[in-house]
Amino acid sequence: MSAKNTKGDARAAAKAKAQAQVRAQERRTTMMIIAGSVVGLALFAGLIFFIVNQSKVPELGAEGATAPAAADATGGIPVGTGGVVGEDVPTDVTRVDVYLDFMCPICGTFEAINSEDLDELRESGEIALYYHPISILDRFSSGTEFSTRSAGAAGVVADQAPEYFNDFMATMFANQPEENTTGLSDDEIADLASLVGIPDDVVANLDNTDFKKWATAATQQASVDGMQGTPTVRVSETGDFADGAILEDVNYFEEGVLKEYLQSLGS
């Protein structure tokens, strides 16, 4: 199976899962209320728990917290127009930063609804897309630190197999575990990485401790930059991260709304 087909299958599976979740609610508005209150409070509590323990967290760039080569000072991983991390990333267009936790169910819904639109805008060079895999939900994985392990693994892929980063993200969300479980084991994460074609030597390094430290440091930086839960979308029309703001009034859980908003900035 080609990587392209695998990516399509993964995103189709993620989208079907999200649509099933939506159908389980009486109305989409009910889901949004729940997402905005119960889930939102849980995510915020996760962030507070993380902040309380920040004294144990290394800073980005600290010794032993190895960052993906293309990651910037915010912890963002840029995906270029050709789908490769760090290659052909435009600098004079709207910058979009997306903060996600692989344990966050609403992040899975966000990706299912918006990933194809974001890919289209990225591929056309209309936006510069930066992903931030973060780890605020470790306490929902029964002590296995799944959020940190999976974010660290994403960092390894971004660094050592940058052409597979998007595929890895899509597959992780298509196989997303439920909260309050042990999450995916290291072996299960490795199996998913192999499924999308990531080379064996990279797969063997997915549990690299230094990249886990980077994931934790990047999460701290995300909180400094205003992230209060996941998913979070930050947009800078100038392309400079410092000029950006977190989207609060754009309903990006409605199909096409985020894409329409981003395209309006360039019109």
Pairwise salt bridge (charged side-chain N to carboxylate O under 4.0 Å, His left out) hits with a residue in residues 231-251, at least two apart: none

Residue list, ring-ring contact (aromatic ring centres under 6.0 Å, His included) with Phe110, at least two apart or on another chain: Tyr252

Pairing residues for Ser142 by the side chain to side chain contact (heavy atoms under 4.5 Å, CB included) criterion, not counting sequence neighbours: Thr182

Side-chain cluster (under 4.5 Å, hydrophobic types only) that Val93 belongs to, other residues: none

Residues forming a side chain to side chain contact (heavy atoms under 4.5 Å, CB included) with Ser185, sequence neighbours excluded: Asp187, Glu188

Residue pairs passing the ring pair (Phe, Tyr, Trp, His ring centres under 6.0 Å) test where at least one lies in residues 65-106, sequence neighbours excluded: Tyr99-His132, Phe102-Phe173

Non-neighbouring partners of Val202 that pass side chain to side chain contact (heavy atoms under 4.5 Å, CB included), sequence neighbours left out: Val156, Gln160, Ala161, Ile198, Pro199

Residue list, side chain to side chain contact (heavy atoms under 4.5 Å, CB included) with Lys259, at least two apart or on another chain: Asp117, Glu120, Leu121, Gln263

Where at least one partner belongs to residues 145-157, residue pairs that pass salt bridge (charged side-chain N to carboxylate O under 4.0 Å, His left out), sequence neighbours excluded: Arg149-Asp186

Residue pairs passing the ring pair (Phe, Tyr, Trp, His ring centres under 6.0 Å) test where at least one lies in residues 62-88, sequence neighbours excluded: none

Pairs touching residues 82-101 that satisfy salt bridge (charged side-chain N to carboxylate O under 4.0 Å, His left out), sequence neighbours left out: Asp72-Arg95, Arg95-Asp97

Contact list for residues 195-212, test salt bridge (charged side-chain N to carboxylate O under 4.0 Å, His left out), sequence neighbours left out: none

